[in-house]
Amino acid sequence: MIYICEQTGCHFAFDRETAPDQCPECGGTHIHPAKPTEALRFHEERRQSDLTPYFVLADCKI
């Protein structure tokens, strides 16, 4: 499942099999499962980049 960090200035998107306790990028604890549009964006970005499965959704509205 894809998760999104809600921490101001972070908005890190990441894939985990189990619900995370904190964001692996900033350590924030306000995390939500990705909405369908966020998950789609995550998968599109992931397909375009073979360097890392993680990226920041800076322009997503939470």
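- Between Phe12 and Pro24 the shortest side-chain heavy-atom distance falls below 4.5 Å.
- With values rounded to the nearest 0.5 angstrom, Glu44 atom CD is found 8.5 Å from Arg41 atom CZ.
- In this structure, the separation between OH on Tyr3 and SG on Cys23 is 13.5 Å, given to the nearest 0.5 Å.
- Taken from CE in Met1 to CZ in Arg16, the straight-line distance is 14.0 Å, to the nearest 0.5 Å.
- Using a 4.5 Å heavy-atom threshold, the side chains of Ile4 and Lys35 count as separate.
- Residues passing the side chain to side chain contact (heavy atoms under 4.5 Å, CB included) test with Glu17: none are found, sequence neighbours excluded.
- Considering CD of Gln7 and CD1 of Ile31, their distance stands at 9.5 Å, rounded to 0.5 Å.
- A distance of 10.0 Å separates CD in Gln22 from SG in Cys5, rounded to the nearest 0.5 Å.
- Going from atom NE2 of His32 over to atom CD1 of Ile2 covers 11.5 Å, rounded to the nearest 0.5 Å.
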